[in-house]
Amino acid sequence: MAGGKKKEVKKETGLGLSFKKEENFGEWYSEVVVNGEMIEYYDISGCYILRPWAMSIWEIMQVFFDAEIKKMKIKNCYFPLFVSSSVLEKEKDHIEGFAPEVAWVTKSGKSDLEIPIAIRPTSETVMYPYFSKWIRGHRDLPLKLNQWCNVVRWEFSNPTPFIRSREFLWQEGHTAFATKQEADEEVLQILELYRRIYEEFLAIPIIKGKKSEMEKFAGGLYTTSVEAFIPNTGRGIQGATSHCLGQNFAKMFEINFENEKGEKGMAWQNSWAYSTRTIGVMVMVHGDDKGLVLPPKVSSVQVIVVPVPFKDANTQGIFDACAATVDTLCGAGIRAEADYRENYSPGWKYSHWEMKGVPLRIEIGPKDLANNQVRAVRRDSAAKVDISCDSLAGKVKDMLDDIQKSMFDAATQKRDACIQVAKTWDEFKEALSQRKMILAPWCDEEEVEKDVKDRTRGEMGAAKSLCSPFDQPELPEGTTCFASGKPAKKVDLLGKELLDYQLLVRSSSIFKLFELLVLMYFSWSTH
Ligand code: 86X
């Protein structure tokens with residue numbers, strides 16, 4: 001077992017990343033989600049296998065969110081995956097722009113279906129006919145439903161694991177109220193839960209705000225969101241959304257009720273969602289050149305214990321100490337496991353668990369055994385400390401809390417360094433070229449918003465309004481819009497979006513051949 005008695009040491013190849021986060025972000029990301037055992041690529045483009053390592057993160061967030069919405073008296077339900085074409089198209093205006101993304105089932109076996117059936121891209125049209133049926137009087141309100149499910153959107157632009165996949169997991173909440181005030185309140189309560197998922201669980205700072213008229217969900221009244229930032233790309237990304245739909249859908253689907261006085265009213269509705277995209281944002285923000293870095297709160301293994309046997313030392317004693325360590329930690333509510341595999345060296349195990357992003361590694365060798373201590377190594381900072389076995393659980397708990405906090409602080413510091421205040425167009429352009437998000441005084445007019453897009457359009461997308469942050473500074477009298485020079489109404493957060501970013505700039509082999517031909521032509525023609 002120890003030293004020469006090792007059975008079969010696997011080659012220490014295949015570990016480690018061939019791309020650096022700073023140098024080739026897109027390739028780094030594709031590699032880290034696979035080598036970190038979160039994703040396996042699948043033979044249908046844009047579809048990915050979520051391995052247990054990713055699914056466990058999703059489940060931890062789900063346990064939190066599900067409990068919180070239950071406190072709000074929101075009930076879980078499950079509506080079918082399929083939508084008939086007549087129901088999907090009932091609500092034409094909302095669907096129109098999205099139509100190319102809808103996937104259809106057209107056959108069973110070899111025979112064509114009489115009427116094709118769509119796969120839900122979202123469930124408004126699936127659910128709202130039943131809201132209409134179930135809501136009669138004011139006693140039927142509020143109706144507050146949520147479902148955990150998959151949806152399909154047949155995207156054609158660069159698919160990316162978690163961030164933009166053709167099938168993804170989410171929760172979608174759909175609620176109906178008698179009054180606008182109740183709906184408004186819920187929009188913000190849900191948004192606060194989304195903030196907590198990002199900041200408290202994923203250790204990612206977000207900005208809460210309201211979407212512009214152009215960027216809001218067109219079917220609704222207003223849209224709020226949490227906006228995150230990916231420093232390496234200089235891009236913002238929408239983390240989750242909470243919409244007030246107003247009475248638009250109630251009008252279309254006839255979701256009406258009668259109040260105490262027998263008067264007719266129309267329901268006020270909300271819808272809200274967060275998806276497995278959260279996991280992709282976490283990988284992008286925290287990962288490094290050694291692999292994933294998982295925040296302790298969402299890691300299914302918070303502490304990995306690695307025995308470090310040495311030649312003729314007391315190997316059994318070391319293994320027993322590892323088992324005792326796992327027992328103590330698990331007993332204290334810490335998610336700990338030991339890696340006893342005999343066909344891998346300790347060094348290989350270190351790299352492996354670093355790749356998977358486990359927050360804390362505990363090594364136990366002969367010296368530790370003799371001193372009644374263990375060695376703890378942090379994933380986020382690589383800091384090493386020796387911990388006495390007598391105070392193990394308490395110390396480890398403190399360390400995990402500290403890692404969670406440090407990761408959030410580090411991400412916040414990086415994010416804040418990428419936010420620039422701009423008062424003029426030139427300042428705005430300069431900050432944009434430095435891959436920053438911009439806070440700028442804004443006239444909040446659609447024409448100007450379009451103009452900003454036009455004037456910044458490049459190969460990898462245009463700058464756009466990300467949100468108008470709820471947290472607004474006081475605007476001095478006479479402040480003007482950075483883009484139009486008109487009086488500013490508020491401060492807006494602007495930037496480029498990750499979804500417009502070409503993550504993988506890979507040329508196909510036929511394209512490479514073409515490039516080669518062009519190169520040859522020019523080198524010959526100059527002779
Ligand atoms: C917008 C709106 C809304 C419930 C949410 O953001 C929260 C959860 N839905 C979703 N949206 C679409 O309505 C849509 C519709 C079709 Cl038909 C489609 F193919 C794609 C879509 N994408 C987004």
Parallel under 30°, tilted from 30 to 60°, perpendicular over 60°: which one fits the rings of H243 and F217? tilted
Aromatic plane relationship, F168 with W170 - under 30° parallel, 30 to 60° tilted, over 60° perpendicular: perpendicular
Measuring only between side-chain heavy atoms, which start at C-beta, is L50 closer than 4.5 Å to T276? yes
Under a 4.0 Å threshold between the charged nitrogen and the carboxylate oxygen, would K436 count as salt-bridged to E430? no
Ionic contact status for R378 with D402, cut-off 4.0 Å: yes
If you define the side chain from C-beta out and look only at heavy atoms, does anything of P366 sit under 4.5 Å from I318? yes
At their closest point, which heavy atom of I204 faces which heavy atom of H286, and how far apart are they? CG1-NE2, 3.8 Å
Check against side chain to side chain donor-acceptor pair (under 3.5 Å), T175 and Q269: CA-CA 6 Å; T175 53; Q269 290 178 273; over 6 Å; no
Taking NZ, NE, NH1 and NH2 as the nitrogens, is one of them in D288 or R379 under 4.0 Å from a carboxylate oxygen of the other? yes
Between W28 and K20, is there a cation-pi geometry (under 6.0 Å to ring centre, at most 45° from the normal)? no
For the side-chain hydrogen bond (donor to acceptor under 3.5 Å, both in side chains) test, which of E172, E186, H174 pairs with W272? E186
Would you call E363 and V305 a side-chain contact if the rule is heavy atoms closer than 4.5 Å? no
Tell me, do N158 and R164 make a side-chain contact under 4.5 Å, heavy atoms counted? yes
Using the side chain to side chain contact (heavy atoms under 4.5 Å, CB included) rule, take E31 and E27 through it: C-alpha gap first, then chi angles, then the decisive distance, then the call. CA-CA 6 Å; E31 201 179 14; E27 299 281 7; over 6 Å; no
As an exercise, state the distance from CD of Q302 to CD of Q404, rounded to the nearest 0.5 Å. 9.0 Å
Is there side-chain contact between V377 and L360, with at least one heavy-atom pair below 4.5 Å? no
Using the ring of W154 (Phe, Tyr or Trp, six-membered ring only), decide whether R166 places NZ or CZ under 6.0 Å from its centre and within 45 degrees of its axis. yes
Is it true that D184 and Y222 share a donor-acceptor pair across their side chains at a distance under 3.5 Å? yes
Could R375 and D386 be called an ion pair, given the rule that one side-chain N must be under 4.0 Å from one carboxylate O? yes
Student check: side-chain heavy atoms of L493 and P469 closer than 4.5 Å: yes
E167/R153 ion pair, N-O < 4.0 Å: no
Return the orientation label for the F201 and F64 ring planes: parallel under 30°, perpendicular over 60°, tilted otherwise. tilted
Check step by step if side chain to side chain contact (heavy atoms under 4.5 Å, CB included) holds for V281 and L498. CA-CA 10 Å; V281 177; L498 185 72; over 6 Å; no
Note, C149 side chain near Q171 side chain (heavy atom, < 4.5 Å): no
Looking at P359 and V301, what are the two nearest heavy atoms and their distance? CD-O, 3.5 Å
Hey, are K70 and D66 close enough for a salt bridge, meaning a charged N less than 4.0 Å from a carboxylate O? yes
Taking 4.0 angstrom as the limit, do D409 and K405 come out as a salt bridge? yes
Looking at every heavy atom in both V298 and I60, which two are closest together, and how far apart are they? O-CD1, 3.4 Å
Looking at K211 and E227, is any side-chain nitrogen of the basic one under 4.0 Å from a carboxylate oxygen of the acidic one? yes
From OG (S406) to CE (M399), nearest 0.5 Å: 10.0 Å
For the residue pair E215 and T223, confirm or rule out a side-chain donor-acceptor distance under 3.5 Å. no
Below 4.0 angstrom, N of the basic side chain to O of the carboxylate: do E200 and K297 qualify? no
F229 and R235: CA distance, side-chain angles, deciding distance, side chain to side chain contact (heavy atoms under 4.5 Å, CB included) verdict: CA-CA 6 Å; F229 182 71; R235 308 251 163 172; 5.6 Å; no
Using side chain to side chain contact (heavy atoms under 4.5 Å, CB included), reason through Q420 and L439 one step at a time and then give a plain yes or no. CA-CA 6 Å; Q420 181 83 44; L439 281 173; over 6 Å; no
Does a side-chain heavy-atom distance below 4.5 Å link K496 with L432? yes
If I take atom CE from residue M284 and atom CZ from residue F25, how far apart are they, to the nearest 0.5 angstrom? 4.5 Å
So CG of L329 and CD1 of I334: to nearest 0.5 Å the spacing works out to 5.0 Å
Check the pair W58, Y274 against ring-ring contact (aromatic ring centres under 6.0 Å, His included), reporting the backbone distance first and the verdict last. CA-CA 11 Å; W58 181 243; Y274 81 91; 5.3 Å; yes
Can you give me the closest heavy-atom contact between N35 and G16, atom names plus distance? ND2-O, 3.5 Å
Atom CD1 of I44 and atom OG of S165: how far apart are they, to the nearest 0.5 Å? 12.5 Å
List the steps and the verdict of side chain to side chain donor-acceptor pair (under 3.5 Å) for R435 and N232. CA-CA 9 Å; R435 297 181 156 201; N232 296 76; over 6 Å; no
What are the two closest non-hydrogen atoms of T328 and A393, and how far apart are they? CG2-CB, 4.3 Å
